[in-house]
Amino acid sequence: MSNIPELGVGVVYTANFNTTLVKYLDAIDTIEVEPQILWQLSEEEQTYQFHQNLLVPLRAYDKPKVFHGVGDPVGGSIRPTDKVINTLKKHIDLVQPVYFSEHLTFNKYREGEEEITTSFLLPQIQNEAGICTAVNAIDFYKKTLQLPFAFETGVNYFQPMAGEIPDGAFVRQVAERADCHILLDLHNIWANQQNGRQSVEEFISQIPLDRVIEIHLAGGHYYKDYYLDAHHGVASEELMELSKKIIRTLPNLKLITFEIMWDNIEQTPDKDLARQFELMHRYWDLRGKDHKISPVQPQQQPAVKASAEINAISAEEWEQVVGRRVLEKPVDSELLKADKGIEVIQYSVFTIRASGVVASVRLSCRIIRLNIGEEAFGTLLRAFLKAYPPKLFPCEAAFQFEEFLKGQNLDLKYLDKILEFEIAVLRTMIDHQQREVVFPYDPFVVMSTLREFKLPQDVEEGEEEYAILVEPPEQPVDLELLTVNTEYHV
């Protein structure tokens, strides 16, 4: 632990950090960077591009940074590609983070030779295979990045399976066998308790507290009977009181980080954000006050083993079953068949993917919705999402949607040209090449009407053509369309 300095109070860097959270800069000691949110598609095969208008001000902040990965977690059997690792190394060289962390979850599975992403971080199998898979992945990151490594304790919407290793005991075995640090996401384990899994108290009693170097705090909300780790708003009073007690037991805590989604910051009152940072600073001063065990003497607990039945499930089998269930594909297995947590994740995945499509080709979607109605539009989106695999970037989903619509025979006035224009804008933002879109009518009248949530009335086609030259802007217009969609990790 000696090579990791005390980093104090941190916050996750978001797309609007520079305009909203920057006002709290005096209350922020460290910036936690999710590196993939600063990446966009590149024409180069072995790298991504960096969003310079996010990267430049980030590097200018004279504060320590840590990296928190959101794209290639350590709970799955599929390793990051060379493209990811090459970009990550370049990013590390530019920003010089103190350490690197990733989630103890998975987000991909294999269908033959094809890798399918799920758009969501999912819980790994809690058996011997799950431990070995995570340890191997952590070893890979440690050797490849040459940085101190911590894994984040994940949220799990499934009910505990008879015979699996309990949550805290599983975390302990992974941390000790991988000889790494722990990022204790208190909001995640509190959500797990609310949803019927292990209690926070029992979880904390099972993990090696001396390995915890960071905690995450966040807000959430309910969907039906489930509490979701949604990173919306500030942490609840109940969670903050809980964190106060737990922080006192952590002898090697280096950082307390607040997580909030970029699209929720501006809806959160200033007084609530100020109070969040005030409490975090107050609790930071309490770190390790009640720790009774020497940090050089790890708590000794016998390793808990999974049942023979659970141990018979391989990591790859688990990933494919869970992945297919959350993407609403046929599954030839009884695993999790009756678990209602699947429906919660299916809802989240649909919302995330559908939102990406609508945000990417907003005016085209508006034409469809205004013509066929909300219910039919929702049915159309579901058909699209079932027919096409998830993509990492919302703009990629827009390209899929364009292809999907060609086979739907919607025959809606203005749709073809407006869609062509919106797709041209996305492609130009990626490859920086000029494009020209020619309209047989005045497109500005059509688009301005659509922006008012109205269908254009009788914009006639005439002999005159209107050409719009799509040129690459100096800065991307809509960062979220080109940025890795990180809502999947909530």
Side-chain angles (χ1 to χ4, degrees), residues 4-34 37-38 54 57-68 70 95 97-99 101 150 152-153 182-191 200 212-221 229-250 252-290 486 489-490:
I4 300 178
E6 293 195 333
L7 298 169
V9 169
V11 69
V12 171
Y13 188 69
T14 67
N16 53 1
F17 181 98
N18 305 313
T19 56
T20 304
L21 286 179
V22 71
K23 71 180 72 171
Y24 302 100
L25 206 55
D26 290 342
I28 297 167
D29 302 313
T30 298
I31 299 174
E32 181 157 289
V33 181
E34 296 173 342
I37 75 162
L38 303 180
L54 292 180
L58 170 65
R59 295 177 66 195
Y61 294 129
D62 186 22
K63 295 179 183 291
K65 285 90 176 176
V66 298
F67 268 12
H68 182 52
V70 294
V95 179
V98 177
Y99 60 82
S101 62
E152 178 182 320
T153 56
I182 297 172
L183 193 170
L184 177 61
D185 192 312
L186 290 180
H187 192 248
N188 281 353
I189 63 171
W190 190 73
V200 174
V212 176
I213 61 170
E214 181 180 354
I215 67 170
H216 275 178
L217 299 170
H221 60 74
D229 174 46
H231 298 180
H232 283 186
V234 298
S236 67
E237 291 185 15
E238 185 177 354
L239 180 63
M240 291 306 296
E241 279 301 308
L242 182 65
S243 73
K244 180 180 178 181
K245 295 177 183 177
I246 293 173
I247 287 168
R248 296 181 68 97
T249 70
L250 304 177
N252 295 315
L253 185 66
K254 308 299 182 184
L255 179 62
I256 303 173
T257 301
F258 173 55
E259 294 185 291
I260 187 168
M261 292 300 296
W262 66 268
D263 60 346
N264 190 249
I265 295 173
E266 294 179 357
Q267 284 77 50
T268 304
D270 284 344
K271 64 179 180 62
D272 291 348
L273 288 170
R275 175 67 171 168
Q276 178 72 58
F277 290 119
E278 176 192 347
L279 289 177
M280 290 167 68
H281 276 283
R282 191 182 302 173
Y283 297 169
W284 167 252
D285 292 335
L286 302 176
R287 63 196 183 283
K289 295 291 187 183
D290 292 343
T486 57
H489 87 286
V490 302

Looking only at atom types and distance, does a side-chain atom of Lys65 sit under 3.5 Å from a main-chain N or O of Leu58, one as donor and one as acceptor? yes
Rounded to the nearest 0.5 Å, what separation is found between the CG atom of Asp229 and the NE2 atom of His221? 9.5 Å
Going through the checks in order, is the side chain to side chain contact (heavy atoms under 4.5 Å, CB included) test met by Asp270 and Lys23? CA-CA 10 Å; Asp270 284 344; Lys23 71 180 72 171; 3.6 Å; yes
Are Phe258 and Tyr24 close enough that their ring centers fall under 6.0 Å? no
Under 3.5 Å, which donor-acceptor pairs do the side chains of residues 273-280 form with other protein atoms, sequence neighbours left out?
from	atom 1	to	atom 2	distance (Å)
Gln276	OE1	Ala235	N	2.9
Glu278	OE2	Arg282	NH2	2.7

In Å, rounded to the nearest 0.5 Å, how long is the span from CD1 of Ile265 to NE2 of His232? 10.5 Å
CG of Leu255 to CG of Asp29, rounded to nearest 0.5 Å, is 8.5 Å
Can you check whether Leu184 reaches Ile189 side chain to side chain, under 4.5 Å on heavy atoms? yes
Roughly how far, to the nearest 0.5 Å, is OG of Ser101 from CD of Glu34? 9.0 Å
Flag yes if more than 12 heavy atoms outside Asp26 fall under 6.0 Å of its CG atom; otherwise flag no. no
How close do Val234 and Asp272 get, counting heavy atoms only, and between which atoms? CG1-O, 3.6 Å
Counting only heavy atoms not in Lys245, do more than 12 sit closer than 6.0 Å to its NZ atom? no
Closest contact, heavy atoms only, Ile260 versus Thr14: O-CG2, 3.8 Å
Do the side chains of Leu7 and Tyr99 get nearer than 4.5 Å, heavy atoms only? yes
Among Asp185, Val200, Leu217, exactly one meets side chain to side chain contact (heavy atoms under 4.5 Å, CB included) together with Trp190. Which residue is that? Val200
Residues Val33 and Leu38: closest non-hydrogen pair is CG1-CD1, 3.9 Å
Is any side-chain heavy atom of Leu250 less than 4.5 Å from a side-chain heavy atom of Arg287? no
What's the verdict on side chain to side chain contact (heavy atoms under 4.5 Å, CB included) for Ile246 and Val212, showing C-alpha distance, side-chain angles and the deciding distance? CA-CA 11 Å; Ile246 293 173; Val212 176; over 6 Å; no
Closest non-hydrogen atom pair, Thr268 against Gly233: OG1-CA, 3.9 Å
Heavy-atom distance under 4.5 Å between the side chains of Tyr13 and Asn18, does that happen here? yes
So, does His281 use its side chain to make a donor-acceptor pair with the main chain of Ala27 at under 3.5 Å? yes
So Lys254 and Val66, do their side chains get closer than 4.5 Å, heavy atoms only? no
Rounded to the nearest 0.5 angstrom, the CD1-CD1 distance for Ile213 and Ile4 is 4.0 Å
Is there a side-chain contact between Leu242 and Leu186 in this structure, where contact means two heavy atoms from C-beta onward sitting under 4.5 Å apart? no
Show the numbers, then the answer: is there a side chain to side chain contact (heavy atoms under 4.5 Å, CB included) between His187 and Glu259? CA-CA 10 Å; His187 192 248; Glu259 294 185 291; over 6 Å; no
Could you check Glu214 against His68 for side chain to side chain contact (heavy atoms under 4.5 Å, CB included), going step by step and ending with a plain yes or no? CA-CA 11 Å; Glu214 181 180 354; His68 182 52; over 6 Å; no
I'd like to know if the side chain of Lys63 reaches the main chain of Leu25, judged simply by a donor and an acceptor atom lying under 3.5 Å from each other, with no hydrogens or angles considered. yes
Pairwise distance CZ(Phe17) to CD1(Ile31) - rounded to 0.5 angstrom: 4.0 Å
Whether over 12 other heavy atoms sit under 6.0 Å from Glu237 CD: no
